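One structure is given below, encoded as structure tokens.
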Amino acid sequence: MTTLHTIADRFSSDRDVNLFDLIRRRRGWSDSYLREIESAEHDELLGQAEMVDALEDARAAGKKITIAPDFDMDGIASGVLGYAGLSELGFDVELHLPDYRRGHDVTPDDIAEIAQRWPTTQVLLTCDGGVNSHRGIATARALGWTTLVTDHHEELAPGSTADITVDPCRLDETYANRGICGAHVLYQVIEAYTRIHRPGKLWEIRLLRLFAGLGTVSDVMPLLYENRQLVRDSVSIARLLWAPPPMPHGAFGAPRPDLIDTETSTLMRLLRVDPHHPVYLRAFQGFALVLKAFTQVGKIRGLDDVDEGFYGFYLAPAMNSPRRTEDALEPCFAVFTAPDPATMLCHAHEVIRVNERRKQLTAEYLAALEEADQPLAPWVLFSDAPAGMLGLLANQLMERDSHPVVVVGYPHGHGQSISGSGRAPGWFDIITSLETHPGLRAIGHQQACGVKVAGPEHLDVLAAVLADATRTAALGAANDPAREDLVLGPDTDCDAGLDDLQPLAELVRRIESLKPFGHGFSAPIVEIAIEPLGLRIDRIGADKQHLRLVTRAGLSCLWWNAADTKFEELHQLASRASRTELGTLRFTATLQLNSFRGDTRVQAVINQQIRSPA
């Protein structure tokens with residue numbers, strides 16, 4: 001493992017070492033802390049050995065297993081992982097398409113559909129759900145099926161009624177890192193089975209870490225301990241599936257994403273060497289075509305764009321969109337299971353199209369929400385958006401206002417329950433905070449969960465809980481004021497300037513060596529101060545929708561989708577700066593390295609503007 005000392009020894013700039021050390025101190029990233037979070041050692045999950053035995057009994061007896069996954073990105077990743085892995089291992093296995101209108105539980109309707117479509121089913125295997133699906137499990141057991149549950153959600157008393165349950169959040173579980181995703185739970189079971197019964201297939205099964213890592217990021221699991229190496233492995237495998245756009249007109253021609261041949265990717269060529277089950281091959285072929293589709297629409301511009309950020313900001317939101325917009329879920333699974341590449345690619349583009357619609361609808365519903373009378377704002381807000389979009393609205397408000405928010409549907413009458421969705425910063429656990437209040441219930445994850453209110457009379461209590469928590473957090477922040485991890489620019493409060501970019505390039509390399517970043521281990525927040533004097537402002541992109549700001553020292557700052565709202569304002573500021581003394585523009589930004597024709601430079605990607613000159 002790479003420690004901070006070995007990272008620091010790699011570079012020689014004293015100034016840069018100081019900046020890196022400054023980030024370390026402000027984040028509390030000591031060598032011992034980084035060693036601790038890099039440990040991938042973990043205990044065996046309770047029930048895992050019993051489930052491995054049950055799977056082998058099913059395979060030996062030729063029993064049909066039907067997988068019942070959840071419908072979000074983690075559920076999709078889990079279902080594809082299980083379908084591909086068990087198929088490759090010689091099981092008779094089918095994959096059920098869930099219905100998001102029924103909620104996250106496995107329901108009796110799901111069991112009825114499975115029994116009708118695959119009447120010879122004898123084993124039900126759930127993934128990313130099922131631990132509290134008592135009615136669905138009872139229906140399956142009444143049919144004589146063996147019920148195997150893999151999940152990662154909190155088991156509620158009196159506990160799972162399945163034959164075998166593997167879940168890091170079981171009531172009796174002692175597994176140290178409870179924050180692993182549903183796909184990772186199923187992966188651990190299948191890998192354990194392979195080690196014992198099919199060790200010659202370990203290479204093939206370990207490639208399925210691709211989907212377990214995707215589920216980890218998409219379900220916002222903390223990137224600590226075993227999750228860190230899992231996500232690194234997943235990104236590495238994903239990059240082996242990306243094929244660059246060809247340049248048919250020579251080195252100076254424009255790339256042609258439409259001509260990408262995914263079969264030329266490194267991993268697809270490797271997989272074609274030996275025979276594999278078609279279901280297994282299609283899972284990876286589908287992932288390669290997803291990358292092709294995102295390259296074709298400009299979300300992937302090069303290999304470096306295939307990272308945990310792509311999972312979290314592009315792929316997972318797109319796969320989660322159908323349930324929010326009430327569109328068909330089938331394309332999200334079919335992109336990994338359809339029988340031919342052309343159909344897979346069509347499904348991938350349909351997923352992207354629905355995601356663009358989701359963005360538009362989110363903006364419309366957010367505007368309507370903010371215009372409506374909101375008596376419990378800013379803690380609890382009402383919306384007539386589809387249920388699947390309430391979490392998106394809550395998340396937007398939470399990120400904007402930095403406090404917990406619950407968005408609910410409008411009540412239908414006195415005594416009628418109200419459903420909604422809550423989002424919270426890392427310092428507030430919604431589920432734990434609400435469970436002691438009668439009439440309030442939250443299910444899911446502590447920072448992202450569904451919320452159910454027994455009736456309108458309980459809404460005031462919900463708002464009070466969120467308000468009290470925010471006031472308590474604000475008092476703590478006043479005693480320990482926060483600041484960005486690093487402030488760069490010409491102002492007196494800046495830690496370093498932006499005139500000499502070479503030390504910053506080395507700093508970026510050091511920071512990037514600590515990837516992956518995400519929940520629980522976030523990337524450093526950098527604030528940059530830019531003088532308007534001499535600032536060049538260009539519209540870029542196919543539709544001129546992005547901005548590129550270039551400072552006098554040559555720092556290029558990219559601001560995605562900001563041209564329509566910010567170009568004129570910034571252009572006027574730059575014009576005034578030639579005649580008048582102005583302050584600086586302040587942004588939060590991500591520093592990254594950009595390589596072009598052998599030349600590597602630092603550039604900034606602007607996240608948010610936080611101050612304009614007076």
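Here the structure is a predicted model, which is why all the values come from computation and not from measurement. Note that the numbering runs from 1 along the sequence shown for the chain. All heavy atoms count here, side chains included; hydrogens, waters and symmetry mates do not.
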Checklist entry - Is R24 reaching over with its side chain to a backbone N or O of S30, donor-acceptor style, under 3.5 angstrom? => result no
Checklist entry - Could D110 and R102 be called an ion pair, given the rule that one side-chain N must be under 4.0 Å from one carboxylate O? => result yes
Next on the checklist: Using a 3.5 Å distance criterion without hydrogens, assess whether the side chain of D74 forms a donor-acceptor pair with backbone atoms of A183.
Outcome noted: yes
Next on the checklist: Pair V149, I164 - check side-chain contact (heavy atoms from CB on, under 4.5 Å), show working.
Outcome noted: CA-CA 6 Å; V149 165; I164 304 172; over 6 Å; no
Checklist entry - With a 3.5 Å cut-off and no angle check, do the side chains of Y280 and E204 form a donor-acceptor pair? => result no
Checklist entry - If only atom types and distance count, is the side chain of S522 paired as donor or acceptor with the main-chain N or O of H519 below 3.5 Å? => result no
Checklist entry - Can you list the steps and then say if H42 with Y225 is a ring-ring contact (aromatic ring centres under 6.0 Å, His included)? => result CA-CA 9 Å; H42 59 82; Y225 313 115; over 10 Å; no
Next on the checklist: Checking side-chain polar atoms at under 3.5 Å, does Y33 have a donor or acceptor matched by the opposite partner on R27?
Outcome noted: no
Next on the checklist: Going by side-chain contact (heavy atoms from CB on, under 4.5 Å), V185 matches just one of D151, D167, L45, D128. Which one?
Outcome noted: L45
Checklist entry - When you check the side-chain N and O atoms of D340 and T343, is any donor under 3.5 Å from an acceptor? => result yes
Checklist outcome for this item: Between A238 and V306, the two heavy atoms sitting closest are CB-CG1, 3.8 Å
Next on the checklist: Side chains of D429 and Q447 only: does a donor on one sit below 3.5 Å from an acceptor on the other?
Outcome noted: yes
Next on the checklist: Assess whether a salt bridge exists between E356 and R353, defined as any Lys/Arg side-chain N lying under 4.0 Å from an Asp/Glu carboxylate O.
Outcome noted: no
Next on the checklist: For F71, does the six-membered ring have the charged nitrogen or CZ of R323 within the cation-pi criterion, i.e. under 6.0 angstrom from the centroid and within 45° of the normal?
Outcome noted: no
Next on the checklist: Tell me whether T126 contacts the main-chain N or O of G129 through its side chain, where contact means a donor paired with an acceptor under 3.5 Å.
Outcome noted: yes
Next on the checklist: Please enumerate all residues that pass side chain to side chain donor-acceptor pair (under 3.5 Å) together with D274, with sequence neighbours excluded.
Outcome noted: none
Next on the checklist: Can you confirm whether or not the ring centre of Y83 sits under 6.0 Å from the ring centre of F333?
Outcome noted: no
Next on the checklist: Quick check on R269: does its CZ atom have over 12 non-hydrogen neighbours (other residues, nucleotides or ligands) under 6.0 Å away?
Outcome noted: yes
Checklist entry - Q446 and T432: side-chain donor and acceptor closer than 3.5 Å? => result yes
Checklist entry - How far apart are the C-alpha atoms of F336 and F211, what are their side-chain angles, what is the distance that settles it, and do they pass the ring-ring contact (aromatic ring centres under 6.0 Å, His included) test? => result CA-CA 11 Å; F336 303 109; F211 295 97; 5.6 Å; yes
Item to check | F294, F287, W242 screened by ring-ring contact (aromatic ring centres under 6.0 Å, His included) with F310, the one that passes | outcome: F294
Item to check | Salt-bridge criterion met for R195 and E191 (N-O under 4.0 Å) | outcome: yes
Item to check | I260 backbone acceptor or donor facing K292 side chain under 3.5 Å | outcome: yes
Next on the checklist: Tell me the closest heavy-atom pair linking Q296 and P257, and the distance in Å.
Outcome noted: NE2-O, 3.4 Å
Item to check | Polar side chain donor-acceptor pair, S234 to R232, under 3.5 angstrom | outcome: no
Checklist entry - Just by distance, with hydrogens left out, do H184 and E226 show a side-chain donor and acceptor under 3.5 Å apart? => result no
Next on the checklist: Is a donor from one side chain sitting under 3.5 angstrom from an acceptor on the other, for T325 and D327?
Outcome noted: yes
Next on the checklist: Under a 3.5 Å distance rule, please check whether D305 uses its side chain to pair with a backbone N or O of R301 as donor and acceptor.
Outcome noted: yes
Checklist entry - Side chains of T147 and D163: donor-acceptor distance under 3.5 Å anywhere? => result yes
Next on the checklist: What I want to check is whether the side chains of Y311 and T216 have a donor and an acceptor closer together than 3.5 Å.
Outcome noted: no
Item to check | Carboxylate-amine/guanidinium proximity below 4.0 Å for E308 and R228 | outcome: no
Item to check | Whether W29 and F517 hold their rings parallel, tilted or perpendicular, with breakpoints at 30° and 60° | outcome: parallel
Checklist entry - How far apart are the C-alpha atoms of C169 and E155, what are their side-chain angles, what is the distance that settles it, and do they pass the side-chain contact (heavy atoms from CB on, under 4.5 Å) test? => result CA-CA 6 Å; C169 295; E155 182 182 31; 5.9 Å; no
Checklist entry - Is the number of heavy atoms from other residues, nucleotides or ligands within 6.0 Å of NZ (K64) greater than 12? => result yes
Next on the checklist: Tell me whether E330 at atom CD has more than 12 heavy atoms from other residues, nucleotides or ligands lying less than 6.0 Å away.
Outcome noted: no
Item to check | E154/R178 ion pair, N-O < 4.0 Å | outcome: yes
Checklist entry - Checking side-chain contact (heavy atoms from CB on, under 4.5 Å) against I137, which of R141, H134, R135 comes through? => result R141
Next on the checklist: One thing to verify: whether R324 and D72 come together as a salt bridge, which I'm taking to mean a side-chain N less than 4.0 angstrom from a carboxylate O.
Outcome noted: no
Checklist entry - Donor-acceptor pair, H152 side chain versus I180 backbone, under 3.5 Å? => result yes
Next on the checklist: Using modelled atom types and a 3.5 Å cut-off, is there a donor and acceptor pairing between side-chain atoms of T107 and backbone atoms of D109?
Outcome noted: yes
Checklist entry - Between K63 and D92, does at least one N-O distance fall below 4.0 Å, as a salt bridge requires? => result no
